[in-house]
Number of protein chains: 2
Amino acid sequence: MDIRSLCLGALMAGDASGYEIRKMFEEGIFSYFQMASLGSIYPALTKLGQEGLVTFTAQEQENRPDKKVYSLTPEGRRTFLRTLFQTRPGEDRYRSDILFLLSFAHELPVELCEALIDEYSSRQEVMLEHIREAKCPTKSGPGPENTENPCQMAGPDFIGGLGEAVCKATLDFIDKNKESFLTELRNRRAGRP
Amino acid sequence: MDIRSLCLGALMAGDASGYEIRKMFEEGIFSYFQMASLGSIYPALTKLGQEGLVTFTAQEQENRPDKKVYSLTPEGRRTFLRTLFQTRPGEDRYRSDILFLLSFAHELPVELCEALIDEYSSRQEVMLEHIREAKCPTKSGPGPENTENPCQMAGPDFIGGLGEAVCKATLDFIDKNKESFLTELRNRRAGRP
DNA sequence: AATTGACTATATCGGTTCGATATATAACAA
DNA sequence: TTGTTATATATCGAACCGATATAGTCAATT
């Protein structure tokens with residue numbers, strides 16, 4: 001997905017400034033499976049404006065830099081929908097420095113390995129919490145359990161549920177295997193001084 | 001992780017040509033959590049050579065272009081290990097066109113949504129199979145070594161197990177939720193024609 | 001009272017990296 | 001014959017990230 005489509009997609013949810021679009025990719029709905037930086041968003045918005053796919057209105061603010069609020073034009077909306085239909089989705093890709101480092105566990109001190117695993121865990125926990133906050137915001141309080149299907153599934157809910165399942169599986173795996181992995185590493189270390 | 005470290009890491013497993021390094025990132029052990037293209041590997045190897053971190057011997061082959069087999073120098077090995085210790089691991093990132101497309105499910109025909117989910121599933125299945133083949137190898141070749149500890153966890157096994165758990169959780173979630181999701185989409189569609 | 005740090009907000013630039021392409025050959029299939 | 005797949009190196013343009021510059025508000029700490 002090129003950034004221009006990403007920006008159009010972000011604007012499908014409503015008007016937004018470049019800064020707000022970045023937040024959608026950093027903290028919002030898209031943050032789990034796409035990313036875009038300011039360094040690409042601003043040029044993309046400019047170009048999309050030249051092509052007539054978005055427009056903006058500069059909101060003057062007191063003593064603040066103008067906020068350019070972008071909106072999709074009808075043509076922009078059409079273009080994005082065409083993109084949705086025509087795109088042959090590229091392969092998923094997952095990139096993790098921690099797992100790369102851990103793949104050299106046999107070269108590292110056991111304490112460092114444990115720290116890496118704990119870091120990985122805690123990041124997953126943060127993510128899980130984040131996903132849970134984002135979905136079903138209404139009934140956060142008294143519900144004792146997730147009953148059958150209290151929320152109905154739109155795209156984002158389905159994806160959120162998937163993310164939740166993946167995070168839980170990750171945490172569960174680490175919980176069940178971390179100690180034996182570290183023990184194994186220690187044993188090997190003892191075997192050859 | 002910059003590509004130079006990635007190349008050094010690949011060479012930790014043994015001597016290899018640029019082409020072979022790419023395969024490690026496309027099909028091999030690293031493919032689940034890192035990637036590197038030929039367009040960056042070759043320049044990186046050249047640079048590493050200039051810095052004395054790798055050397056190569058050109059293997060002449062009959063009627064084929066020479067194969068440059070790179071190896072780590074002692075200095076290269078030291079540099080990589082230092083990197084392992086010092087690197088503050090960057091955030092994991094997952095990128096998925098399919099999930100991005102699916103986040104607009106309400107704008108798409110239900111059939112397309114289903115096709116996207118099925119595509120996602122089948123890719124996960126391929127990946128799961130791939131992980132399972134890689135670990136606990138069924139000994140296709142006459143490899144003399146690496147049978148000493150069949151079921152114990154080194155770094156790659158731990159990561160493989162994690163990948164397996166995640167794939168299974170993904171497939172399981174889709175299996176349990178796909179139909180209700182599609183039904184829900186259809187109902188909404190029927191509600192407003 | 002003053003400084004620090006965090007947040008909002010736009011914009012640009014350098015450097016890294018991808019993806020496509022060129023070149024060359026072999027093996028195999030249609 | 002032609003096409004496709006695989007091995008193998010190499011380069012180049014385009015895309016993109018990350019850092020930085022600018023500039024103001026606000027709250028907290030010193």
Side-chain angles (χ1 to χ4, degrees), chain A residues 1-8 10 15-28 30-31 34-50 54 56-70 87-95 97 100, chain B residues 1-10 15-28 30-31 34-51 54 56-70 87-95 97 100:
Chain A
M1 278 296 171
D2 59 304
I3 296 174
R4 294 166 69 258
S5 303
L6 257 31
C7 288
L8 292 179
D15 300 352
S17 66
Y19 189 77
E20 286 163 345
I21 290 175
R22 188 202 55 165
K23 283 209 287 186
M24 296 172 74
F25 287 98
E26 286 234 323
E27 311 160 20
F30 295 132
S31 64
Q34 288 294 336
M35 92 142 248
S37 70
L38 286 174
S40 41
I41 290 171
Y42 283 119
L45 287 174
T46 303
K47 212 175 174 189
L48 288 169
Q50 286 163 1
V54 302
F56 69 90
T57 50
Q59 288 187 353
E60 288 178 46
Q61 304 186 117
E62 301 149 24
N63 300 325
R64 284 258 184 92
D66 280 9
K67 189 173 169 179
K68 290 187 187 175
V69 177
Y70 288 85
T87 298
R88 193 134 332 222
E91 280 203 7
D92 290 20
R93 57 181 55 166
Y94 174 58
R95 190 171 291 222
D97 281 3
F100 181 74
Chain B
M1 277 292 170
D2 59 305
I3 296 177
R4 295 165 69 256
S5 303
L6 256 29
C7 288
L8 292 178
D15 299 352
S17 64
Y19 189 77
E20 287 162 345
I21 290 175
R22 190 203 52 166
K23 284 210 286 186
M24 297 172 74
F25 287 97
E26 286 234 322
E27 312 160 21
F30 295 131
S31 63
Q34 289 293 337
M35 94 138 246
S37 70
L38 285 174
S40 42
I41 290 171
Y42 283 119
L45 287 173
T46 303
K47 211 174 173 189
L48 288 168
Q50 287 164 1
E51 295 167 15
V54 303
F56 69 91
T57 50
Q59 287 186 354
E60 289 177 47
Q61 303 187 118
E62 302 148 24
N63 300 326
R64 286 258 183 91
D66 279 11
K67 187 173 168 176
K68 291 186 185 173
V69 177
Y70 289 85
T87 298
R88 194 141 329 229
E91 280 203 4
D92 290 20
R93 56 182 55 168
Y94 174 58
R95 189 172 291 221
D97 281 3
F100 180 74

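Letters A, B, ... mirror the listed sequences (proteins, then strands); counts begin at 1. Just so we're clear, the structure is a prediction, and the values are computed from it rather than from any experiment.
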Separation of atom [atom1] in [X] from atom [atom2] in [N], rounded to whole Å:
X	N	atom1	atom2	result
B:Ile21	D:dT7	CD1	P	15 Å
A:Ile3	D:dA14	CD1	P	16 Å
A:Phe56	C:dA9	CZ	P	16 Å
A:Tyr19	C:dT8	OH	P	4 Å
B:Glu27	D:dT5	CD	C1'	13 Å
B:Gln34	C:dC18	CD	P	10 Å
A:Asp97	D:dG18	CG	P	11 Å
A:Asp2	C:dG19	CG	P	13 Å

Mind checking if A:Arg93 touches a base, just sugar-phosphate, or nothing, with heavy atoms under 4.0 Å?
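If one applies the 4.0 Å heavy-atom cut-off, A:Arg93 turns out to touch the sugar-phosphate alone, with no base involved.
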What pairs with A:Glu26 under salt bridge (Lys or Arg N to Asp or Glu O under 4.0 Å), at least two apart in sequence or on another chain?
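For A:Glu26 there are no salt bridge (Lys or Arg N to Asp or Glu O under 4.0 Å) partners, ignoring immediate neighbours.
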Between [X] and [Y], which heavy-atom pair has the shortest distance, and what is it?
X	Y	answer
A:Gln34	B:Asp97	NE2-OD1, 3.4 Å
A:Ala10	A:Phe30	CA-CE1, 3.8 Å
B:Leu38	B:Pro43	O-CD, 4.0 Å

Heavy-atom nearest nucleotide on DNA chain D for B:Arg95 versus B:Lys68: which residue maps closer to 5'?
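The 5'-side residue here is B:Lys68.
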Quick check on DNA chain D: between A:Met1 and B:Val69, whose nearest nucleotide comes earlier from the 5' end?
B:Val69
Side chain of B:Lys67 only, heavy atoms from C-beta on: which candidate in C:dA9, C:dT17, D:dA8 is closest?
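That would be D:dA8.
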Between B:Tyr19 and B:Arg22, is there a cation-pi geometry (under 6.0 Å to ring centre, at most 45° from the normal)?
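Yes, cation above the ring, under 6.0 Å and within 45°.
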Side chain proximity check, A:Lys67 to A:Glu20, heavy atoms < 4.5 angstrom:
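When only atoms from C-beta onward are counted, A:Glu20 and A:Lys67 do touch, with a gap below 4.5 Å.
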Any B:Ser17 side-chain nitrogen or oxygen under 4.0 Å from OP1 or OP2 of D:dT7
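Looking at the OP1 and OP2 atoms of D:dT7, neither is under 4.0 Å from any side-chain N or O of B:Ser17.
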Would you indicate, yes or no, if C:dT8 has its OP1 or OP2 atom less than 4.0 angstrom from a side-chain nitrogen or oxygen of A:Lys23?
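Affirmative; the distance criterion is met.
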What do the steps show when you test B:Leu8 against B:Val54 for side-chain contact (heavy atoms from CB on, under 4.5 Å), and what is the final call?
CA-CA 8 Å; B:Leu8 292 178; B:Val54 303; 3.9 Å; yes
Which of residues 37-48 of chain A sit near DNA chain D, with a heavy atom under 4.0 Å from it?
A:Ser37, A:Gly39, A:Ser40
